[in-house]
Student: 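I'd like to ask you about the structure that follows.
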There are 2 protein chains.
Amino acid sequence: MSRIELSPSKQRLRLWLKLLRLTRGVEAELRERLRVNYGATLPRFDVMAALFRADEARADHGLTMTELSRALMVSNGNVTGIIERLVEDGFVQRRPDETDRRTTFVQLTEAGKAAFQDMAKAHEGWVNDLLSPLAPAEVDHLIEVLNAHRAARTTPE
Amino acid sequence: MSRIELSPSKQRLRLWLKLLRLTRGVEAELRERLRVNYGATLPRFDVMAALFRADEARADHGLTMTELSRALMVSNGNVTGIIERLVEDGFVQRRPDETDRRTTFVQLTEAGKAAFQDMAKAHEGWVNDLLSPLAPAEVDHLIEVLNAHRAARTTPE
DNA sequence: TGCAGAAATTTTAAGTTTGAAATTTTAGGC
DNA sequence: GCCTAAAATTTCAAACTTAAAATTTCTGCA
C-alpha cells in the first residue's frame, strides 16, 4: 500500500485530476437527474439558482446580466442565450433599468421560483446522496481547506 | 467567526458549490493559458493526455473511441468531433482494427506526442501554481479523502 | 446457416460555451 | 456642450456537449 514519494507539483496534479473526475462524475449524474425528472438542464438550473439567491438577498430588482455572468463564472454572451430560453419558458423576466438604458435586470417569475424550489429540494438530496461517502466531519474539514484556498487566491498582497 | 450549525445535507451542498467554484476557476485559467500559449483548447488537451497515457502504458495501438469517451467521461459523439479536428491538425491518427471493422483505434502521431509533452510540462506548472495555496500535507490529505470517496462510490456492495 | 440483438461508431438536432466584434449608452474631461 | 473612453449587452463564428437516432458490423443461438 505504500506509495512512491512524489514531488509537491506532481501531487497537486494528481489531486487536480481526481477533483476533475469527482466533479465531472457528480455533474453528469445531476444533469441526468435534472433531465429525467424535470426536463431541465444544468446551466438553466445554475442560472435559476443564482437568481433565486439574489431574490432572497434583496427582493427588489433581480440581477444584471453582468452580475449573473460573474456569479456563474461564464461569459456574458453565454448568459444571453440561457436567459433567452428561460424567458421563452416563462421562468424569467427582463426589466429595463430606468436610469441606465444599457442595463437589463433579470429575475425569476413566480412560475420560475416555484419550479426552482421544486428542483432545488431534489437537487440538495441528490448532492447529499452523491457525496454521502464523505462523512460530515470530512465535509467540514474540506470546507475549511477550500475556504483557506479561496482566501489565499483572492488576497494576493 | 462562529458559524451556524448546518445539517449534513446542507453542508454537503455547501461543499459541492465550493468544489464547483474551485474547479471552474482553475479550468477557466487553464483554458486561457492553453489558448494564449499554445492555441489549444482544454478538451483537445484532455484527449491528447488520455492518448499519451495510453501510449505509455502499452505502446501498441492506442485507444478505441469507446475507451476514450469512457476515460474522459464524455459522450461518444463528442469524441468523434474532437478527434476529427486533431486528425486535421496532424496530431492524431486513426487505425482500423483488422479483426473488427466496427472499431477504430486512435493514437497520437509523433507531432502529437511532441506537442502534448510541451503543453503537459507547462500544464503541470500551472496546476501547481493555481493550487499552490494548498500545502503539500493538505494535498496529500485531500487525495486520501478523494480516494476513499471513489472507493465507496465504485463498491456499492 | 440465418437472424435477432448487441456493440462501436457516426450523424443529427438542440443547447452550451467561448472569445471577439459590434452596438448602444453612459461618464468624464476639456 | 462635445468627444473619447469605458461599460453593458448582444451578436457572431467556431468549438464543445449531450442524447437519441441511424449505420455498420459482429456474436450467439436456434
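A, B, ... follow the sequence lines: proteins, then strands. Residue 1 opens every chain. The basis for the numbers below is simple: all heavy atoms, side chains too, and nothing from hydrogens, waters or symmetry mates.
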Student: Within this structure, what is the CZ-to-P distance between B:Arg31 and D:dA15, rounded to whole angstrom?
Tutor: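 Going from B:Arg31 (CZ) to D:dA15 (P), I get 15 Å.
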Student: If you assign A:Asn78 and B:Arg35 each to the DNA chain C nucleotide with the nearest heavy atom, which residue ends up on the more 5' nucleotide?
Tutor: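 First, find each residue's nearest nucleotide; the 5'-ward one identifies A:Asn78.
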Student: With B:Asp140, which residues qualify under salt bridge (charged side-chain N to carboxylate O under 4.0 Å, His left out), at least two apart?
Tutor: none
Student: CD of B:Glu88 versus C1' of D:dA15: gap in Å, rounded?
Tutor: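 Rounding to the nearest Å, CD of B:Glu88 and C1' of D:dA15 are 12 Å apart.
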Student: With heavy atoms under 4.0 Å as the rule, sort A:Leu42 into base, sugar-phosphate or nothing.
Tutor: nothing
Student: Is any side-chain nitrogen or oxygen of B:Arg44 closer than 4.0 Å to OP1 or OP2 of D:dA14?
Tutor: no
Student: For DNA chain D, what residues of residues 65-73 of chain A have any heavy atom nearer than 4.0 Å?
Tutor: A:Met65, A:Thr66
Student: Just how far, in rounded Å, is C1' of D:dT18 from CZ of A:Arg24?
Tutor: 14 Å
Student: Ignoring the backbone of A:Thr104, work out which of C:dT11, D:dT9, D:dA19 is nearest its side chain.
Tutor: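 Nucleotide nearest to A:Thr104's side chain: D:dT9.
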Student: Using atom CG of B:Leu34 as one end and atom P of C:dG19 as the other, report the distance to the nearest whole Å.
Tutor: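 These atoms are roughly 12 Å apart.
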Student: Keeping to residues at least two apart or across chains, list the salt bridge (Lys or Arg N to Asp or Glu O under 4.0 Å) pairs with something in residues 108-124 of chain B.
Tutor: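 Only A:Lys10-B:Glu124, B:Asp55-B:Lys113, B:Glu110-B:Lys113 qualify under salt bridge (Lys or Arg N to Asp or Glu O under 4.0 Å).
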Student: At 4.0 Å (heavy atoms only), tell me whether A:Gly77 reaches a base, stays on the sugar-phosphate, or touches nothing.
Tutor: base
Student: Give, for atom CG of A:Asp100 and atom OG1 of A:Thr103, the distance between the pair rounded to the nearest 0.5 Å.
Tutor: 3.5 Å
Student: Under the rule for salt bridge (charged side-chain N to carboxylate O under 4.0 Å, His left out), what residues qualify as partners of A:Glu144, not counting sequence neighbours?
Tutor: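 With neighbours one apart ignored, the set is empty.
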Student: Think A:Thr103 has a side-chain N or O under 4.0 angstrom from the OP1 or OP2 of D:dA7?
Tutor: no
Student: Once side chain to side chain contact (heavy atoms under 4.5 Å, CB included) is applied, do any residues pair with A:Ala114, and if so which ones, sequence neighbours excluded?
Tutor: none
Student: Can you see which heavy atom on A:Thr41 is nearest to which on A:Leu34, and at what distance?
Tutor: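 So the minimum-distance heavy-atom pair works out to O-CD1, 4.0 Å.
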Student: Closer to the 5' end of DNA chain C via nearest nucleotide, is it A:Ser75 or B:Arg94?
Tutor: B:Arg94
Student: Which residue pairs pass the ring pair (Phe, Tyr, Trp, His ring centres under 6.0 Å) test with at least one member in residues 24-50 of chain A, sequence neighbours excluded?
Tutor: A:Phe45-A:Phe116, A:Phe45-A:His123
Student: To the nearest angstrom, how far is A:Arg85 atom CZ from D:dT10 atom P?
Tutor: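 Nearest whole value for this atom pair: 13 Å.
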Student: Without decimals, in angstroms, what is the distance between A:Ile82 CD1 and D:dT10 C1'?
Tutor: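 Going from CD1 in A:Ile82 over to C1' in D:dT10 covers 15 Å.
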Student: Determine which pairs satisfy ring pair (Phe, Tyr, Trp, His ring centres under 6.0 Å) with at least one residue from residues 69-107 of chain B, sequence neighbours left out, and list them in order.
Tutor: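 Every ring pair (Phe, Tyr, Trp, His ring centres under 6.0 Å) pair that includes a residue of residues 69-107 of chain B, provided the two are not neighbours, is B:His61-B:Phe105.
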Student: Applying side-chain hydrogen bond (donor to acceptor under 3.5 Å, both in side chains), can you list everything that pairs with A:Arg31, at least two apart in sequence or on another chain?
Tutor: none
Student: Students often get this wrong, so: under 4.0 angstrom with heavy atoms, is A:Glu32 touching a base, only sugar-phosphate, or nothing?
Tutor: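 Contact class for A:Glu32: sugar-phosphate only.
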Student: Return a single string for nucleotides 21-28 of chain C, one symbol per nucleotide in 5' to 3' order, where B is base contact, S is sugar-phosphate-only contact and - is none, cutoff 4.0 angstrom on heavy atoms.
Tutor: ---BBS--
Student: In whole Å, I'd like the distance from the CG atom of B:Asp89 to the C1' atom of D:dA14.
Tutor: 13 Å
Student: How close do B:Arg24 and A:Asp46 get, counting heavy atoms only, and between which atoms?
Tutor: NH2-OD2, 3.0 Å
